Protein chains: 2
Amino acid sequence: MNELDNNMRLTSQRQVIIEELKKVKSHPTANEVYDMVRKRLPRIGLGTVYRNLDLLSEKGIINKLEVGGEQKRFDGDTSEHYHIRCVKCNRVEDIFIERYKELEKDAASCCDYTILNHHVQFSGICSKCLPDA
Amino acid sequence: MNELDNNMRLTSQRQVIIEELKKVKSHPTANEVYDMVRKRLPRIGLGTVYRNLDLLSEKGIINKLEVGGEQKRFDGDTSEHYHIRCVKCNRVEDIFIERYKELEKDAASCCDYTILNHHVQFSGICSKCLPDA
DNA sequence: CTCAGTGCAAACGATTTGCAGGGCC
DNA sequence: GGCCCTGCAAATCGTTTGCACTGAG
């Protein structure tokens, strides 16, 4: 739907953000990406990080997670998959199970929306937090 | 888990917030609740609304929705059900389909979390927005 | 009377934006 | 040389909090 903008430049900031994001599995917040990137580009601004994270997720190069909590999180893995969040430490991890496509069919039959997508968000307690739960 | 606090008083502010929230099906944001309530209690403060929405959702009297988007939303219907959000107008509506309990079983088998809950969030375009899509 | 709850305003944290300069094409 | 993009700082938006006062129990 969004025609690719050929005028988009591949700046070093952009490149490093993508590289760092693809490198980890931790679903970092914008601030965490900022910290990661700053190690390689000490003069980068937080605003630039936000601008690029938004831009790259619009282009589908990365994913912006609409997972609950205070901050948005970003995922270098753009394959469709579910997520789980630890209610204690707020860690977010991937859940690679088969997508339930029936969900969208069921939902379509009970509302008058054109359904575009669905996401499943699990909450639980991770193994590191379980002892002190 | 949270022993009911017998010291909790039933103030008029609290009563009106609950009443207004149970009255609608629109999943209002804190600010929208504020507007609704202010018609009956013009001197109420926004802080009071936030404090009570948090308190009431901790008590399980209302529900705080961790639905994506910028603002949190509140639901007077505390029964477990899924939601859909219109990507155009941001309206949030209920999806009353059977919960997929298998989802949690599947997820449990592929990660070492103690799973507490799951929520399914659909996105789509509502019938009102479809014409201009 | 007492203390949980309130109104108000200031504080806060995440994100966005305006602007002037910088550097890719 | 044009214009996209950046760094920086100020602005904005949602939400939280400190404080002195109020009113429910």
Side-chain angles (χ1 to χ4, degrees), chain A residues 2-21 27-59 61-74 85 90 92, chain B residues 2-21 27-59 61-74 85 90 92:
Chain A
N2 217 333
E3 50 265 26
L4 251 293
D5 185 353
N6 327 37
N7 295 332
M8 182 173 142
R9 294 181 185 163
L10 186 53
T11 60
S12 59
Q13 289 86 339
R14 224 157 260 180
Q15 232 170 301
V16 171
I17 288 173
I18 297 173
E19 282 173 21
E20 291 298 316
L21 208 44
H27 314 85
T29 62
N31 234 301
E32 290 167 345
V33 172
Y34 178 49
D35 285 339
M36 290 155 58
V37 169
R38 211 160 24 153
K39 289 181 185 138
R40 294 171 58 186
L41 300 173
R43 298 195 51 72
I44 196 173
L46 182 54
T48 301
V49 172
Y50 271 103
R51 268 186 291 239
N52 280 321
L53 288 172
D54 274 345
L55 190 76
L56 294 171
S57 66
E58 265 171 36
K59 300 292 180 202
I61 298 168
I62 64 172
N63 238 283
K64 189 191 288 198
L65 299 187
E66 292 282 23
V67 105
E70 307 69 34
Q71 289 142 274
K72 298 212 172 97
R73 292 169 171 275
F74 297 86
R85 185 174 50 159
N90 264 312
V92 172
Chain B
N2 217 333
E3 50 264 28
L4 250 294
D5 185 353
N6 328 35
N7 296 332
M8 183 173 142
R9 294 182 184 166
L10 186 53
T11 61
S12 60
Q13 288 86 339
R14 219 157 263 177
Q15 232 170 303
V16 171
I17 288 173
I18 296 173
E19 282 173 21
E20 291 299 315
L21 208 44
H27 313 86
T29 63
N31 233 300
E32 289 167 346
V33 173
Y34 177 49
D35 285 339
M36 289 155 58
V37 168
R38 210 158 26 151
K39 288 181 187 138
R40 294 172 56 187
L41 300 173
R43 298 194 53 73
I44 197 173
L46 183 53
T48 300
V49 172
Y50 272 103
R51 269 186 291 239
N52 279 318
L53 288 172
D54 275 346
L55 189 77
L56 293 170
S57 66
E58 266 171 37
K59 301 291 178 200
I61 299 170
I62 65 172
N63 239 282
K64 188 191 287 198
L65 299 186
E66 292 281 21
V67 106
E70 307 71 33
Q71 291 142 274
K72 298 211 172 98
R73 292 170 171 274
F74 297 86
R85 186 175 48 162
N90 265 311
V92 172

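All values derive from a computational prediction rather than experimental measurement.
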Quiz prompt | Residue B/L10, side-chain heavy atoms: nucleotide from D/dT6, C/dA14, D/dG25 that is nearest | solution =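 So the nucleotide nearest the side chain must be D/dG25.
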How many whole angstroms separate atom [atom1] of [X] from atom [atom2] of [N]?
| X | N | atom1 | atom2 | value |
| --- | --- | --- | --- | --- |
| A/E70 | C/dC12 | CD | C1' | 13 Å |
| B/D54 | D/dT15 | CG | C1' | 9 Å |
| B/R14 | C/dG7 | CZ | C1' | 14 Å |
| B/L46 | C/dT6 | CG | P | 13 Å |
| A/K72 | C/dT15 | NZ | C1' | 8 Å |
| B/L53 | D/dT16 | CG | P | 10 Å |
| A/R73 | C/dA14 | CZ | P | 12 Å |
| A/L41 | C/dG22 | CG | C1' | 15 Å |

Exercise. Find which nucleotide of DNA chain C each of B/I44 and A/G47 is nearest to by heavy atoms, and output the residue with the more 5' nucleotide.
Key: B/I44
Practice problem: For B/T48 and for B/Q71, find the nucleotide of DNA chain D with the closest heavy atom, then tell me which residue's nucleotide is more 5'. | Solution: B/Q71
Self-check item: A/E66 and B/R85: CA distance, side-chain angles, deciding distance, side-chain contact (heavy atoms from CB on, under 4.5 Å) verdict
Solution: CA-CA 12 Å; A/E66 292 282 23; B/R85 186 175 48 162; 4.0 Å; yes
Quiz item: Could one point to a donor on the side chain of A/R9 or the base of D/dC5 with an acceptor on the other under 3.5 Å away?
Solution: no
Under 4.0 Å between a side-chain N or O of [X] and OP1 or OP2 of [N]?
| X | N | value |
| --- | --- | --- |
| A/T11 | D/dT6 | yes |
| B/Q13 | C/dG7 | yes |
| A/Y50 | C/dT15 | yes |
| A/R43 | D/dT6 | no |

Exercise. Under 4.0 Å between any heavy atoms, over every strand shown, what does B/R51 touch: base, sugar-phosphate, or nothing? Just pick one.
Key: base
Quiz item: Is A/N31 touching bases, backbone alone, or none of the nucleic acid, heavy atoms closer than 4.0 Å?
Solution: nothing
Quiz item: salt bridge (charged side-chain N to carboxylate O under 4.0 Å, His left out) with B/D54: which of B/K59, B/R14, B/K72, B/K64?
Solution: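 Among the candidates, only B/K64 passes.
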Practice problem: List in chain and number order the residues that pass side-chain hydrogen bond (donor to acceptor under 3.5 Å, both in side chains) with A/N31, two or more places apart in sequence or in another chain; answer none if no residue qualifies. | Solution: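 Per chain and number, A/N31 pairs via side-chain hydrogen bond (donor to acceptor under 3.5 Å, both in side chains) with no residue.
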Quiz prompt | B/K39/B/E20 ion pair, N-O < 4.0 Å | solution =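 No, B/K39 and B/E20 are not salt-bridged.
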Self-check item: Gap separating the CE atom of A/M8 from the CG atom of A/N52, nearest 0.5 angstrom
Solution: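 The CE atom of A/M8 sits 7.5 Å away from the CG atom of A/N52.
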Self-check item: From A/I62 atom CD1 to A/F74 atom CZ, the distance as rounded to the nearest 0.5 Å
Solution: 6.0 Å
Quiz prompt | Base-pairing string, 5' to 3', of DNA chain D - Watson-Crick or wobble, under 3.5 Å, | interstrand | solution = |||||||||||||||||||||||||
Exercise. Take B/E19 and B/R40 through the side-chain contact (heavy atoms from CB on, under 4.5 Å) test and state the conclusion after the steps.
Key: CA-CA 11 Å; B/E19 282 173 21; B/R40 294 172 56 187; 2.7 Å; yes
Quiz item: Taking the side chain from B/R73 and the backbone from B/H27, do they hold a donor-acceptor pair closer than 3.5 Å?
Solution: yes
